[in-house]
Amino acid sequence: MPELPEVETVKRSLEEKIKGKVVQGMEFLVPQVIKRPTPEEFREAFQGEVFQGMGRRGKYLLFYLHSGKILVSHLRMTGQLIYCSPETPQEKHLCLIFSLLDQATGETNHLRYLDIRRFGCFYLLNPGETLPGLEKLGPEPLGVDFTLDYLRKVLTNKKGKIKALLLDQELIAGIGNIYADETLFRAGIMPDKPGNALTEAEIIRLYQVIPQVLQESIDKRGTTISDYLDSEGKKGDFQNYLQIYSRAGEACMNCGNVIQKTKIGGRSSCFCPQCQK
DNA sequence: AATCGTTCCTGATAGC
DNA sequence: TGCTATCAGGAACGAT
């Protein structure tokens with residue numbers, strides 16, 4: 001499932017490929033992934049548009065267009081953005097095709113959106129327009145706004161379970177189930193501990209470990225558990241470095257005890273009862 | 001205000 | 001073999 005490192009990897013693997021390309025046409029095989037405006041208006045608005053560059057905010061991908069409009073994409077669980085030749089056979093779960101023209105060479109390529117579960121979504125925003133989910137995002141955990149003071153303030157304030165707090169995009173942007181489990185294991189904190197029960201030492205450890213895990217995963221080009229691929233169709237590598245996520249029943253690599261699994265906020269959560277307090 | 005359950009959706013897997 | 005049930009889960013939404 002794409003979280004911050006996976007979305008960042010898609011951005012990095014796609015940006016140079018689409019920069020300067022002209023949108024020649026589009027096909028909507030599963031129009032329901034286009035949330036705003038209507039698919040018809042979406043197609044109309046894209047006439048003659050040029051991709052200028054890309055950005056990322058939390059788990060959202062941003063495509064900056066020549067007109068000043070922004071195409072926003074969220075991959076949710078199983079979304080994939082693939083850059084390929086128009087000759088590539090149509091994939092089973094193909095939802096959208098953008099045909100992109102390179103004016104220098106006259107070549108056309110496809111930017112395709114695939115999504116097995118169809119949870120992903122696209123929005124086309126006019127200049128100055130925003131989305132509730134995007135606007136309310138908390139600070140980027142790899143950015144300067146994510147400070148120890150911020151984390152301390154936001155946690156000591158909350159009675160909810162720390163795992164649920166880490167998944168709350170309004171508190172910190174971009175952490176999903178994989179990296180929530182990984183950070184809590186590395187910080188030695190039980191996932192069901194209330195936010196306001198964390199000690200100062202635990203908050204400091206968490207503050208150090210969050211950017212560390214995310215950056216390590218970006219360096220390994222993300223985690224591929226089942227579906228995630230980058231824009232070249234390549235798997236990530238960080239699944240080989242996971243210490244706790246999806247390892248219930250296995251031995252903890254730190255103490256050797258059996259890794260446990262529980263549900264927190266409706267999400268499966270793996271933890272080591274020995275190493276996490 | 002905060003927290004909970006439900007919804008969207010398909011595929012892998014378990015159990016009979 | 002072939003059926004049904006369960007699970008995977010991000011975020012919007014409604015209910016409490």
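Order of the sequence lines fixes the chain letters, A, B, ..., with proteins taken first and strands second; residue numbering starts at 1 for each chain. Computed from heavy atoms alone, side chains included, the values below leave out hydrogens, waters and symmetry copies.
Residue K161(A) contributes atom NZ, which lies 7 Å from atom P of dC4(B) at whole-angstrom precision. Atom CD1 of I116(A) and atom C1' of dC8(B) are 15 Å apart (whole Å). When rounded to the nearest whole Å, the span between OH of Y113(A) and P of dC9(B) equals 13 Å. Taking atom CG on D168(A) and atom C1' on dT3(B), their separation rounds to 11 Å, with Å as the unit. Note: CG (N157(A)) to P (dA1(B)) measures 13 Å, nearest angstrom.
Place H93(A) and G160(A) on DNA chain B by their nearest nucleotides, and G160(A) ends up nearer the 5' end.
For T199(A), the side chain to side chain contact (heavy atoms under 4.5 Å, CB included) criterion is met by A201(A), E202(A), not counting sequence neighbours. With sequence neighbours excluded, no residue satisfies salt bridge (Lys or Arg N to Asp or Glu O under 4.0 Å) with R267(A). For D219(A), the side chain to side chain contact (heavy atoms under 4.5 Å, CB included) test picks out Q215(A), with sequence neighbours left out. The side-chain hydrogen bond (donor to acceptor under 3.5 Å, both in side chains) search around R76(A) returns none, not counting sequence neighbours. When the salt bridge (Lys or Arg N to Asp or Glu O under 4.0 Å) test is applied to K59(A), no partner is found at least two apart in sequence or on another chain.
Residue-level contact check: G265(A) touches neither bases nor backbone, having no heavy atom under 4.0 Å from any strand. When heavy atoms are screened at a 4.0 angstrom cut-off, Q32(A) is found touching the sugar-phosphate backbone but no base atom. Contact annotation for K92(A): backbone-only contact, meaning every heavy-atom pair under 4.0 Å involves sugar-phosphate atoms and none involves a base. At a threshold of 4.0 angstrom between heavy atoms, the contacts of K136(A) with the nucleic acid are absent.
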**Complete:** A correct 5'-to-3' footprint of nucleotides 9-16 of chain C, with B, S and - meaning base, sugar-phosphate only and no protein heavy atom under 4.0 Å, is BBBS----
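In this structure a side-chain-to-backbone donor-acceptor pair under 3.5 Å is present from S13(A) to S231(A).
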